[in-house]
Amino acid sequence: MKTQITHLKSLLTKTFEKGAWHGPAVMEVLSDIDEKSAQLRLPNTHNIIELVGHMTAWRTFVVKKLQGDRGYKVSDAMNFPEPTGWLTALKELKKSQAELVKELDQFPDSKLEELIPHDAYKCTFSTVLHGIMHHDLYHIGQISLIKKSLQS
(Lines give C-alpha, C1' and ligand atoms only; values in the text may rest on other atoms or scores of the structure.)
Protein backbone atom coordinates (compact mmCIF):
# COMPACT_ATOMS: atom_id res chain seq x y z
CA MET A 1 0.00 0.00 0.00
CA LYS A 2 1.29 3.42 -0.96
CA THR A 3 1.44 5.86 1.93
CA GLN A 4 0.63 9.55 1.55
CA ILE A 5 4.31 10.38 2.11
CA THR A 6 5.36 7.94 -0.61
CA HIS A 7 2.84 9.55 -2.95
CA LEU A 8 4.09 13.07 -2.08
CA LYS A 9 7.70 12.01 -2.66
CA SER A 10 6.73 10.61 -6.04
CA LEU A 11 4.97 13.85 -7.00
CA LEU A 12 7.91 15.93 -5.77
CA THR A 13 10.31 13.84 -7.81
CA LYS A 14 8.21 13.94 -10.97
CA THR A 15 7.54 17.68 -10.81
CA PHE A 16 11.21 18.39 -10.02
CA GLU A 17 13.11 15.91 -12.21
CA LYS A 18 10.97 14.43 -14.98
CA GLY A 19 7.78 12.57 -15.61
CA ALA A 20 5.32 15.29 -14.63
CA TRP A 21 1.94 14.86 -16.28
CA HIS A 22 1.57 18.57 -17.08
CA GLY A 23 4.72 18.99 -19.15
CA PRO A 24 8.37 19.77 -18.41
CA ALA A 25 9.51 19.40 -14.81
CA VAL A 26 11.63 22.01 -13.01
CA MET A 27 15.02 20.61 -14.01
CA GLU A 28 13.89 19.92 -17.57
CA VAL A 29 13.06 23.62 -17.98
CA LEU A 30 16.32 24.74 -16.36
CA SER A 31 18.61 22.24 -18.13
CA ASP A 32 19.51 24.39 -21.16
CA ILE A 33 19.90 27.75 -19.42
CA ASP A 34 23.38 29.24 -19.31
CA GLU A 35 24.86 31.96 -17.10
CA LYS A 36 24.07 34.75 -19.56
CA SER A 37 20.46 33.69 -20.10
CA ALA A 38 19.94 33.26 -16.35
CA GLN A 39 20.76 36.96 -15.86
CA LEU A 40 18.38 38.34 -18.50
CA ARG A 41 14.95 39.60 -17.61
CA LEU A 42 11.77 40.84 -19.16
CA PRO A 43 10.61 44.34 -18.18
CA ASN A 44 9.38 44.55 -14.58
CA THR A 45 10.21 40.94 -13.72
CA HIS A 46 12.78 38.98 -11.80
CA ASN A 47 15.38 37.21 -13.88
CA ILE A 48 15.70 33.44 -14.00
CA ILE A 49 18.48 33.21 -11.42
CA GLU A 50 16.48 35.33 -8.96
CA LEU A 51 13.44 33.11 -9.44
CA VAL A 52 15.52 29.98 -8.82
CA GLY A 53 16.93 31.55 -5.64
CA HIS A 54 13.38 32.36 -4.54
CA MET A 55 12.23 28.81 -5.20
CA THR A 56 15.16 27.49 -3.17
CA ALA A 57 14.39 29.82 -0.25
CA TRP A 58 10.83 28.54 0.07
CA ARG A 59 11.87 24.91 -0.39
CA THR A 60 14.29 25.45 2.50
CA PHE A 61 11.40 26.91 4.50
CA VAL A 62 9.44 23.68 4.02
CA VAL A 63 12.47 21.58 5.02
CA LYS A 64 12.91 23.64 8.20
CA LYS A 65 9.24 23.23 9.08
CA LEU A 66 9.46 19.46 8.55
CA GLN A 67 12.41 19.52 10.96
CA GLY A 68 10.25 21.29 13.54
CA ASP A 69 11.98 24.69 13.35
CA ARG A 70 9.34 27.12 14.63
CA GLY A 71 11.48 30.24 14.34
CA TYR A 72 12.70 29.83 10.78
CA LYS A 73 11.41 32.56 8.49
CA VAL A 74 12.24 33.61 4.95
CA SER A 75 13.61 37.15 5.27
CA ASP A 76 13.28 39.75 2.54
CA ALA A 77 16.94 39.19 1.64
CA MET A 78 16.36 35.44 1.36
CA ASN A 79 13.09 35.76 -0.57
CA PHE A 80 14.80 36.99 -3.75
CA PRO A 81 18.49 36.62 -2.89
CA GLU A 82 21.33 38.36 -4.64
CA PRO A 83 22.54 36.04 -7.41
CA THR A 84 25.74 34.15 -6.66
CA GLY A 85 26.14 32.59 -10.09
CA TRP A 86 24.00 30.28 -12.17
CA LEU A 87 25.80 27.03 -11.35
CA THR A 88 25.65 27.84 -7.64
CA ALA A 89 21.93 28.63 -7.88
CA LEU A 90 21.28 25.30 -9.61
CA LYS A 91 23.39 23.43 -7.07
CA GLU A 92 21.45 25.00 -4.19
CA LEU A 93 18.10 24.18 -5.83
CA LYS A 94 19.13 20.55 -6.31
CA LYS A 95 20.38 20.44 -2.72
CA SER A 96 16.99 21.70 -1.52
CA GLN A 97 15.31 18.84 -3.40
CA ALA A 98 17.60 16.26 -1.81
CA GLU A 99 16.99 17.72 1.66
CA LEU A 100 13.23 17.79 1.13
CA VAL A 101 13.11 14.15 0.03
CA LYS A 102 15.41 13.15 2.90
CA GLU A 103 13.11 14.80 5.43
CA LEU A 104 10.10 13.03 3.94
CA ASP A 105 11.90 9.70 4.32
CA GLN A 106 11.51 10.09 8.08
CA PHE A 107 8.24 12.03 8.23
CA PRO A 108 5.18 10.03 9.32
CA ASP A 109 1.85 10.16 7.48
CA SER A 110 0.20 10.73 10.85
CA LYS A 111 1.68 14.26 11.06
CA LEU A 112 0.51 15.48 7.64
CA GLU A 113 -2.64 17.14 8.99
CA GLU A 114 -0.83 18.81 11.90
CA LEU A 115 -0.09 22.53 11.72
CA ILE A 116 3.45 23.48 10.76
CA PRO A 117 5.52 25.03 13.57
CA HIS A 118 5.15 28.73 12.76
CA ASP A 119 3.54 31.68 14.49
CA ALA A 120 2.09 33.38 11.41
CA TYR A 121 1.25 30.54 9.01
CA LYS A 122 -1.66 28.41 10.14
CA CYS A 123 -1.44 25.60 7.63
CA THR A 124 -0.76 21.89 7.71
CA PHE A 125 2.29 19.97 6.61
CA SER A 126 0.17 18.52 3.81
CA THR A 127 -0.68 22.01 2.61
CA VAL A 128 2.94 23.22 2.51
CA LEU A 129 4.13 20.03 0.81
CA HIS A 130 1.53 20.35 -1.93
CA GLY A 131 2.08 24.09 -1.95
CA ILE A 132 5.81 23.89 -2.61
CA MET A 133 5.12 21.89 -5.74
CA HIS A 134 2.55 24.46 -6.88
CA HIS A 135 5.01 27.25 -6.07
CA ASP A 136 7.79 25.59 -8.09
CA LEU A 137 5.55 25.03 -11.08
CA TYR A 138 4.19 28.58 -10.98
CA HIS A 139 7.73 29.96 -11.17
CA ILE A 140 8.81 27.40 -13.77
CA GLY A 141 5.94 28.75 -15.89
CA GLN A 142 7.42 32.23 -15.52
CA ILE A 143 10.87 30.94 -16.39
CA SER A 144 9.48 29.16 -19.46
CA LEU A 145 7.95 32.44 -20.66
CA ILE A 146 11.23 34.30 -20.10
CA LYS A 147 13.10 31.59 -22.02
CA LYS A 148 10.62 31.73 -24.87
CA SER A 149 10.81 35.50 -25.12
CA LEU A 150 14.62 35.37 -25.18
CA GLN A 151 14.54 33.01 -28.16
CA SER A 152 12.56 35.50 -30.24
Listed partners of T45 passing side chain to side chain donor-acceptor pair (under 3.5 Å), at least two apart = none

Please name the pair of heavy atoms, one in A89 and one in T56, separated by the smallest distance, quoted to 0.1 Å.
-> O-OG1, 4.4 Å

Across all chains, not counting sequence neighbours, the salt bridge (Lys or Arg N to Asp or Glu O under 4.0 Å) partners of D105 are K9

In the hydrophobic clustering (ILVMFWY, side-chain contacts below 4.5 Å, transitive), which residues join Y72, or is it alone?
-> I5, L8, L11, L12, W58, F61, V62, V63, L66, V74, M78, L100, L104, F107, L112, I116, Y121, F125, V128, L129, I132, M133

Indicate whether the side chain of T13 and that of S10 have a donor and an acceptor atom separated by less than 3.5 Å.
-> no

Heavy atoms of K14 and A25 approach each other most closely as O-CB, 3.3 Å

Roughly how far, to the nearest 0.5 Å, is the NZ atom of K65 from the SG atom of C123?
-> 9.5 Å

How long is the span from the CZ atom in R59 to the NZ atom in K64, to the nearest 0.5 Å?
-> 15.0 Å

To the nearest 0.5 angstrom, please state how far the NZ atom of K147 sits from the CD1 atom of I33.
-> 5.0 Å

Qualifying residues under side chain to side chain donor-acceptor pair (under 3.5 Å), relative to T127, sequence neighbours excluded = T124

Checking D109 side chain against Q4 main chain: does a donor-acceptor pair fall under 3.5 Å?
-> yes

Heavy atoms, side chains only, cut-off 4.5 Å: are L90 and L30 in contact?
-> yes

Going by atom types only, do H139 and H135 share a side-chain donor-acceptor pair under 3.5 Å?
-> yes

Evaluate the side-chain proximity of I140 to E28: yes if any heavy-atom separation is below 4.5 Å, no if none is.
-> no

Assess whether side-chain contact (heavy atoms from CB on, under 4.5 Å) is satisfied between D34 and W86, documenting all intermediate values.
-> CA-CA 7 Å; D34 60 19; W86 180 237; 5.6 Å; no

Please check if atom NZ in K73 has more than 12 non-hydrogen atoms from other residues, nucleotides or ligands closer than 6.0 Å.
-> yes

Salt bridge or not for R41 and E50, using N-O below 4.0 Å?
-> yes

Look at the rings of H46 and F80 and say which category their plane angle falls in: under 30° parallel, 30 to 60° tilted, over 60° perpendicular.
-> parallel

With a 4.5 Å heavy-atom cut-off, do N47 and L40 have their side chains touching?
-> no

Is a side-chain donor or acceptor of K91 paired with a backbone partner of K95 at a separation under 3.5 angstrom?
-> no

Between M27 and L93, does a side-chain contact (heavy atoms from CB on, under 4.5 Å) hold up when you go through it step by step?
-> CA-CA 9 Å; M27 293 311 299; L93 183 66; 4.2 Å; yes

Looking at D32 and V29, what are the two nearest heavy atoms and their distance?
-> OD1-O, 3.5 Å

With sequence neighbours left out, write down each residue that passes side chain to side chain donor-acceptor pair (under 3.5 Å) with E114, or none if nothing qualifies.
-> none

All side chain to side chain donor-acceptor pair (under 3.5 Å) counterparts of E113, not counting sequence neighbours | none

Taking the side chain as C-beta and beyond, is there a heavy-atom pair between D69 and H118 under 4.5 Å?
-> no

Is it true that a side-chain atom of H134 and a backbone atom of D136 form a donor plus acceptor pair closer than 3.5 Å?
-> no

Are L42 and I143 joined in one hydrophobic group, where the rule is that I, L, V, M, F, W and Y side chains link up if heavy atoms are under 4.5 Å apart?
-> yes

Spatial distance of atom CD (E92) from atom CD (E99) [nearest 0.5 Å] = 8.0 Å

Are any non-hydrogen side-chain atoms of Q97 and V26 less than 4.5 angstrom apart?
-> no

When you look at CD of E82, are more than 12 heavy atoms from neighbouring residues, nucleotides or ligands closer to it than 6.0 Å?
-> no

Identify the heavy atoms of P81 and H54 that sit nearest to each other, and give their distance.
-> CD-N, 3.9 Å

Test L137 against T15 for side-chain contact (heavy atoms from CB on, under 4.5 Å), laying out the working first.
-> CA-CA 8 Å; L137 296 177; T15 58; 4.0 Å; yes

